[in-house]
Every structure is written in C-alpha cells, then in structure tokens.
Amino acid sequence: MLNNSTIAGCLEAMEPPLYIYDGDSIAQRIARVQKAFPKFSLLYSVKANPYDKILNIMREAGVGIDAASGNEVLLAKGLGFRSEDIYYSSPGKTRRDILSAMEAGTLIADSIHELDMLNAIAEEQNRALSVGMRLNLPNPHILKSKKEIMGGHASKFGIDPQTYEKNRERFHEYKHLRIQGIHVYFGSQILEEEILFNNFNTIATYALEMAKDLPLTFVNFGGGFGIPYAEEERDLALESVAERIHSLPAIQELLSRGVRCNLELGRYFVGDCGLFVAEVVDKKESFGETYVILNAGMNSFFRPMFTHDYHAIRQMTVRNETEQITVVGNLCTPIDEYYKGITLPAVEIGDILAFENAGAYGYSMSLLDFISHDRPSQIMLIGGEQVEFH
Ligand SMILES: Cc1ncc(COP(=O)(O)O)c(C=O)c1O
C-alpha cells in the first residue's frame, strides 16, 4: 500500500515530481483477474503504462501483451515476452511498423488496406503469415456507457460488418495470409456490468459465425474494465461479471474448440497502483481567488486536465481549516490547470500533494518535453522496498 510514510521514504530518495508505483498491488490485481477469468489468457495494454518495471511484473505473472505500435512490440520482445503472447493492433500501421514488428508478435489488421499490405509484404518475403483482423461490430448498448467509446458505431477502428461482407471472398484469396483471429474493442473505462457482459456476448456470437468461414485460433475480446475515479463511481463487480461471461454458451463453445480467448486490460491492472507526487511551490491571491502552484503540470501529469477525470488529491500534511483553491501547474499557459475552486484542507508552500489513480495514462500520456522542464521520476516499490528509480 502506498501510505504516507512510504511516500515520505520515496521523497528522501527522489525529489518531486515523481510517480510511485506499488508493484505488490499490481501483482495482486493480476492474480485477482486470473482467478476470476481462469479460462482466458490475459494481455496487458502497454499504452496504459510502458514502464519496464511494470512490464516485468506482467511477464513474471504470465500476462501477454496488447501493443499499439511497432515500438511497443519491440519493447515487450526486448523484455523477454514470447512472440506468441504479443498482439499488435492499431489503426494506421505503416509499412515500417509492420516490418519492425512482424517477427515479434501477431499483427492484427485494422482495415482491408492493411490486409492487402500484409499479404504483399509476406509475398515479397515468400512466406505465409498468420494474422488477425480487428472488427467494429454493431453494439447499441455500448452507447449507454459514458466514456471513451471506440466501436459499436462509426469510428476509425477496425472493419465494419458491411466491409467484411463485401470482402468475404477476398479473405480466401490472400495467398500469403492466414486470417486466424479477431480483435474487437468497444471502449474503455466501462464500469457497468451489463455493458461488459453484452460486449463479450456480442463478440463471441460473431466469432462463432466467422469461424464457419475462417479457421479462428484466437479472439481478443478487448476489455475496457474501468476503475473509479470520481467519488460517486463504484468498483466493478469483477467476480460476478466474470462468472456470467464464463457461463455464456458462445464463450463455452469457443473454449471447447480450443480457441484462445484473450482479455486485454490496461488501467484495471495498474491505474490505482500509482500516485503522482508534486510539491506546492507557490500560493497567491488573484482577484479574490486562491491559486496553489505545483512544481509540475501538463508536462508531468496531464491526464486530469485532458480527460477531466477527477484524480483525488491526498495531502501529506492535513490541517484542520479548509479553503477553496485552484490547483495549477507551473507552465506558462492558462490551460495548465488541474482543478478550479475545489475545497481542501488548507495548503501551504512546501506541502506535498499526491494525485491518486495515476498508475495508468500518467507519465506516458503527459506532454513530457513541453517547456523543457526535467521529466518526472518514476519509482517502483516491491515488498515496500524501492527496487528502481530513474
Ligand atoms: C484496443 C485497446 N485495447 C486496450 C486498451 C486499454 O484500455 P484500458 O486501459 O482502459 O484497459 C485500449 C485503450 O485505448 C485500446 O484502444
């Protein structure tokens, strides 16, 4: 647990701004998902946090990789993940992306153009290539989820059913491709059990249809499991949704045919296992408002400003009186503002503030080079010990 004395210990070793990750909590979270989804293979979505110490925990726990760029594939391969456990799915892959990643993992084509390109590259190299394709299936239920929807309606991701039908013949004409798997990803940060259940049912049912046509060996179900950011949000009922998903006839049929069912998660594994820690370096009044200025901003922890999710602030020093403050970064732009007019126990210059739920989409989603400050440090704690920082 990242309690205040752990944070104080880290601050003796490193100055803020810094990210602190709790490796034990990450390992426990993985174990919980493995227990709830015993028939599924797990993949970690590197984009959530590509820190190598996190990837090492994933590899040691037997979790594979969901990569979204050639470089993420190479990062995972370099850290010892097996090629059969690495899947690469993203829109707009270039020939260079494909060439860099094709030996190290399974490529998932995002369009007909990508399938054509993969076939042409395999032909040039006089080889057969096993690939998957990403589909964008209709899903009216997903629209009830509030956030980060990526499929189920018109979007840049995947191949829609009309395009699939139009190209059905073509899939068998590729001389150098074996289309062996599908990937569907409807959206992120889903906290509604019913929507998740429906997603899995939709994908499994469609996969069985496709299996009449193509020799499917894997289905990547996506995931999109959310974590509570706002106070009113509640933890996902993981075990009960997992039980319902396992009991779906379409899932059982896929499993009985030996189809590998992959569940890919990013923030659910690492989101609440990390804190972003910054120091208050100034405090001022301006036209009657109180500004608290941190030694970090959108260059170090951009996510709250970008997504407007509330990352709760934990104070190392908690005073009795409260005050209304606007929390901002130290960058020369007015958009560098975390929270306007929030009420917190009084804050003073020199205080340390820790933002919760910063383990996913923290460091790597920030504008790290903007205004040329030093980059934040990162510390991984395992067994309460600092195993590494840089
Ligand atoms: C295809 C795909 N898979 C997995 C993820 C990971 O999402 P999350 O971190 O919410 O689990 C994303 C996020 O954008 C994604 O686009």
Side-chain angles (χ1 to χ4, degrees), residues 21 26 29-30 32-33 36-37 40-51 54-55 58 63-70 72-73 76 85-93 97 101 105-111 114 132-137 139 142 145-153 155-159 181-192 195-196 199-200 203 218-230 233 235-236 238 241-242 261-274 302-303 306-307 309 311 357-365:
Y21 307 115
I26 296 172
R29 183 54 84 110
I30 297 167
R32 184 175 164 199
V33 180
F37 283 88
F40 280 70
S41 301
L42 305 187
L43 306 179
Y44 172 59
S45 302
V46 180
K47 63 173 83 65
N49 192 328
Y51 188 35
I54 288 182
L55 288 166
M58 298 293 159
V63 178
I65 289 294
D66 158 44
S69 69
E72 284 188 353
V73 172
D85 294 329
I86 301 176
Y87 296 82
Y88 171 17
S89 183
S90 81
K93 293 182 204 69
D97 292 323
T106 301
L107 291 158
I108 297 179
D110 211 79
S111 65
E114 273 189 19
M133 64 172 132
R134 180 164 174 179
L135 300 174
N136 180 7
L137 304 179
N139 183 350
I142 189 71
S145 179
K146 289 182 289 298
K147 292 195 188 145
E148 302 184 37
I149 300 170
M150 294 179 216
H153 60 104
S155 90
K156 69 174 177 178
F157 301 104
I159 296 169
I182 60 164
H183 176 213
V184 184
Y185 193 81
F186 287 121
S188 282
Q189 187 47 21
I190 302 168
L191 287 168
E192 302 91 342
I195 292 179
L196 286 177
N199 289 353
F200 279 76
I203 298 166
F218 71 88
V219 178
N220 289 8
F221 283 86
F225 295 7
I227 59 170
Y229 288 104
E233 286 176 333
D235 255 328
L236 194 65
L238 181 77
V241 78
C261 293
N262 288 317
L263 168 61
E264 69 195 34
L265 300 174
R267 87 186 70 212
Y268 196 76
F269 283 141
V270 297
D272 75 351
C273 307
F302 187 31
R303 190 171 193 282
F306 182 45
T307 63
D309 277 326
H311 289 255
N357 286 324
Y361 306 109
Y363 185 97
S364 64
M365 206 195 230

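First listed ligand is number 1; within each ligand, the first listed atom is number 1. One-based numbering along the sequence shown. Just so you know, these numbers use all the heavy atoms, side chains as well, and skip hydrogens, waters and symmetry mates.
Below 4.0 Å from some heavy atom of R134 lie the following atoms of ligand 1, by number and element: 1 (C).
Ligand 1 has a nitrogen or oxygen under 3.5 angstrom from a nitrogen or oxygen of D66. Among the atoms of H183, none of the N or O lies under 3.5 angstrom from an N or O of ligand 1.
Contacts between E264 and ligand 1, counted as non-hydrogen atom pairs separated by less than 4.0 Å, involve the side chain only. In Y361, the part holding a heavy atom less than 4.0 Å from any atom of ligand 1 is the side chain.
Taking the six-membered ring for Trp and the full ring otherwise, the centers of F157 and Y185 sit at least 6.0 Å from each other. In this structure, the ring of F221 has its center less than 6.0 angstrom from the ring center of F40.
With hydrogens left out, the protein atom closest to atom 15 (C) of ligand 1 is K47 NZ, 3.3 Å, a heavy atom. Of the protein's non-hydrogen atoms, G266 N, 2.9 Å is the one closest to atom 11 (O) of ligand 1. When only non-hydrogen protein atoms are considered, atom 10 (O) of ligand 1 lies nearest to R267 NE, 2.9 Å. When hydrogens are left out, the protein atom nearest atom 4 (C) of ligand 1 is S45 OG, 3.1 Å; that is the closest non-hydrogen contact. Remark: minimum distance from atom 16 (O) of ligand 1 to any protein heavy atom is reached at M150 SD, 3.5 Å. In this structure, the protein non-hydrogen atom closest to atom 7 (O) of ligand 1 is Y185 OH, 2.9 Å.
One finds the OH atom of Y44 at 9.0 Å from the CD1 atom of I30 (value rounded to the nearest 0.5 Å). Rounding to the nearest 0.5 Å places CD of E114 at 12.5 Å from CE of M133.
Between the side chains of N220 and Y87, no donor-acceptor pair is found at a separation under 3.5 Å.
Remark: of the listed residues R267, Q189, H311, R267 is the sole one forming a side-chain hydrogen bond (donor to acceptor under 3.5 Å, both in side chains) with Y229.
Across L196 and G223, no two heavy atoms sit closer than the pair CD2-O, 3.4 Å.
Taking the side chain as every heavy atom from C-beta outward, I203 and F186 approach each other to under 4.5 Å.
A heavy-atom separation below 4.0 Å is not found between F225 and ligand 1.
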